[in-house]
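Written below as structure tokens is the structure these notes are about.
Residue numbers start from 1 in every chain, and the chains themselves are labelled A, B, ... in the order their sequence lines are given, proteins ahead of strands.
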Number of protein chains: 2
Amino acid sequence: MTNEARLADVAAAAQVSVATASRALAGSTVVAAATRDRVRRAAARLGYEPNLAARQLVTGQGQSIALVLPDLANPFYAGVAKGVQRRVRAEGLTAVVADTDEDAEVEAAVIAQVGPVAARLVLASPRMPDDAVRAVAQRARVVLVNREVEGLAAVTGDNADGVRQALVHLHALGHRRVGYAGGPATSWSDAARRRGLVAARERVEIEVVDLGAFRPGSAGGLAAADLALAAEVTAVLAFNDQLALGILGRLADRGVAVPGRLSVVGFDDIPVARLLAPPLTSVTVPADELGRTAVELLLGPDRPEPGLRTLPVELAVRRSTAEPAG
Amino acid sequence: MTNEARLADVAAAAQVSVATASRALAGSTVVAAATRDRVRRAAARLGYEPNLAARQLVTGQGQSIALVLPDLANPFYAGVAKGVQRRVRAEGLTAVVADTDEDAEVEAAVIAQVGPVAARLVLASPRMPDDAVRAVAQRARVVLVNREVEGLAAVTGDNADGVRQALVHLHALGHRRVGYAGGPATSWSDAARRRGLVAARERVEIEVVDLGAFRPGSAGGLAAADLALAAEVTAVLAFNDQLALGILGRLADRGVAVPGRLSVVGFDDIPVARLLAPPLTSVTVPADELGRTAVELLLGPDRPEPGLRTLPVELAVRRSTAEPAG
DNA sequence: ACAGGGGTTGAAAGCGTTTGCAGCCAGCCC
DNA sequence: GGGCTGGCTGCAAACGCTTTCAACCCCTGT
């Protein structure tokens, strides 16, 4: 049931040439307002849908919006993908998604590959160096998610406020010494959260012990959990929920009560967090909204304005945190 | 650094016309083998990449492969998406993914929308009626995942064998009465698993109690867990892991020991399953391979051969199952 | 030797859109 | 009133590819 109306049909219906029709629909100011409206009405009446392939052929620019992310299996990025995809679809466009398996080289290859198809990219947590990202931004419109590069547009959750909220919450419960189980050293998010930790300590009287850098998942969680116990902290804040999950698993293994002996706070608030036993206290990052916002920035006629947009986050308090054992 | 070589350049380099060059690269049998090789070498030497927009313009068929799935946030589908996306990329193509939010109407809209861009579709667990699916298959090449429609190609995990393995495992542990917490009534997978249950009971001396149909997640898990306890079963098999997660959470809430008092088995083996406490025994369905296989079927020059391909599944035994309390 | 034919190749016509350029018509200034 | 400017509009040329159709060559059968 693909629509059969061509631009030529619209032009005929509006009694103008295809050139004018094209300009009218593109919103060119050079065409008279009356003509423009007439063409637009004709297009609407005929249910005209532009042929993207033809447009792309002449402009050389793909119409799709591409999302490049490190790992679809990570629920956080899946959330971003949902947001991107929904917003793109609302625009009548299609979203190309590419997973890089957390590999910087794959990332570069993937970006090159989607280049001809999409002139607008959402890059989520790209691993490539700043220069490479900027190079990509030369050829296409780019918005970053969870990464900041001078001169480019970016969107992220409020990492500093997230860790602050977590710390305030733990402090209120009575914790005075908490561990931070960090993420990969190359992660911009981890760096941002660490900075937040430092800033928060000036306001919250709490000692933060750096437990190290871990890969999210069970292996990392295992190490982190053991280190947390050894560090004699009463609570641990994890870089993200996947790591927190691993920690929770290890603690259960070792028979350590959560939150009885150790409170655990995650970050991202992935959907399963609330399904755990105990449900995980976590900093809710609006993943889909990050995606939506990124697309929004890409939608304008111009390159998105550089700068970092920070979306608010919120601590979801659940049962993995409680007062420290007296 | 988009490549600048055009088909005309290749043709010139190979001393043939563009028509012949086009045919040679398309692998048309009508062109002489020697010529074909010469053109191919020239193309390779120049690093020629066909302009997909131009091709699409003339053929009217999009080159991308689209994946339509109910919910990216469901780790199982995220896995399928990974598989699809990786295989598509290996082919030098791009994958368009669209999430329908589990809504049949959105599904139809989405399919219509990706139509012009992609002439090959992977439909994962489509909600639409058989006829509608067949209608889509008229206009595009379609492979289904976790759904069977007469006359179409489809890929699925071996549902029957999965439940059989689960039942055999539980039986071996000594369970004789287990509950089945089903999925949505409209789900093809749930129906397939239920059929498997019936078939397995002929071989395994075990009584299966139908606990009902539940929506995956915490709400459904809550109800299912309570019903399982009331039904006086010693183990419960869940339609999928998300439901199992909800069940586990509810059981923990009520202080019911797992696997002490009740064993729990999931289905799909999503990545978090092994991170739970206790780690969840689950039927491993190779989600990414389902995606990969689906794409493979789509890659041939012709419509994929109708019929259901069944991929083997495997029970991952973890600590959520044990002997029933004596 | 010649007609016929299979096997290859090339010329050219689009596919639907954007866009540079030229043209038209008013209106305006002098 | 004539020449110009400037606002709109239309013509036609791309964009890079596939595919139809005709042409060509050389071989075969008679």
Side-chain angles (χ1 to χ4, degrees), chain A residues 2-43 46-64 92-94 115-119 139 301, chain B residues 2-40 42-43 46-64 92-93 115-119 139 301:
Chain A
T2 328
N3 202 299
E4 303 298 348
R6 304 281 158 259
L7 184 56
D9 304 328
V10 175
Q15 318 237 45
V16 296
S17 71
V18 289
T20 303
S22 171
R23 283 187 280 250
L25 294 177
S28 163
T29 53
V30 72
V31 33
T35 316
R36 175 160 44 74
D37 293 348
R38 188 151 38 89
V39 172
R40 291 230 168 118
R41 269 196 303 276
L46 296 179
Y48 168 72
E49 291 287 343
N51 181 322
L52 299 183
R55 177 179 295 174
Q56 171 170 357
L57 179 58
V58 47
T59 62
Q61 302 253 306
Q63 301 302 305
S64 306
L93 301 173
T94 55
V117 175
R139 315 197 133 267
Chain B
T2 329
N3 202 297
E4 302 298 347
R6 304 281 158 258
L7 183 57
D9 304 328
V10 175
Q15 318 236 44
V16 297
S17 70
V18 290
T20 303
S22 172
R23 284 187 282 249
L25 294 176
S28 163
T29 54
V30 72
V31 30
T35 315
R36 174 159 46 73
D37 294 347
R38 189 150 39 88
V39 172
R40 291 230 168 117
L46 297 179
Y48 169 72
E49 290 288 342
N51 181 322
L52 298 183
R55 179 179 295 173
Q56 171 171 357
L57 181 57
V58 47
T59 61
Q61 301 253 305
Q63 301 301 306
S64 306
L93 301 174
V117 176
R139 316 197 132 266

Check the distance between D/dG16's P and B/Q63's CD and give it to me in whole angstrom. 17 Å
DNA chain D: 5'-proximal contact among B/A26 and A/A33 (nearest heavy atom): A/A33
Value in whole Å for how far the P atom of D/dA14 lies from CZ of B/R6: 15 Å
In Å and rounded to the nearest 0.5 Å, what is the CG to CG distance from A/L57 to A/L52? 12.5 Å
For a quick check of understanding: with a heavy-atom distance under 4.0 Å over all strands, which category does B/A19 fall into, base, sugar-phosphate or nothing? base
To the nearest Å, how far apart are A/N51 CG and D/dC15 P? 18 Å
Whole angstrom is fine here: how far is it from OH in B/Y48 over to C1' in D/dT18? 10 Å
Which heavy-atom pair separates B/V18 from B/A8 by the least distance, and what is that distance? CG1-CA, 3.6 Å
Roughly how far, to the nearest 0.5 Å, is the CZ atom of A/R23 from the CZ atom of A/R36? 13.5 Å
Show me the pairs that pass side chain to side chain donor-acceptor pair (under 3.5 Å) and involve residues 55-64 of chain A, at least two apart or across chains. A/S64-A/T94
Can you tell me if B/D9 uses its side chain to pair, donor with acceptor, with the backbone of B/R6 under 3.5 Å? yes
Derivation of the side-chain contact (heavy atoms from CB on, under 4.5 Å) call for B/N51 and B/L7: CA-CA 9 Å; B/N51 181 322; B/L7 183 57; over 6 Å; no
In whole angstroms, the gap separating P of D/dC17 from CZ of B/R55 amounts to 8 Å
At a 4.0 Å cut-off to heavy atoms of chain A, the contacted part of DNA chain C spans C/dG16 to C/dG20
Tell me the interatomic distance from B/L7, atom CG, to D/dC15, atom P, rounded to whole angstroms. 14 Å
Nearest-Å distance for atom pair CG/C1', residues A/L52 and D/dC15: 15 Å
For B/A43 and B/L25, which heavy atoms make the closest approach, and how far apart are they? CB-CD2, 3.9 Å
Within this structure, what is the CZ-to-C1' distance between A/R23 and D/dT9, rounded to whole angstrom? 7 Å
Among D/dG16, D/dA12, D/dC17, find the nucleotide with the atom closest to the side chain of A/V18. D/dA12
Can you see if the side chain of A/T20 gets near the phosphate of D/dG10 - specifically, an N or O under 4.0 Å from OP1 or OP2? yes
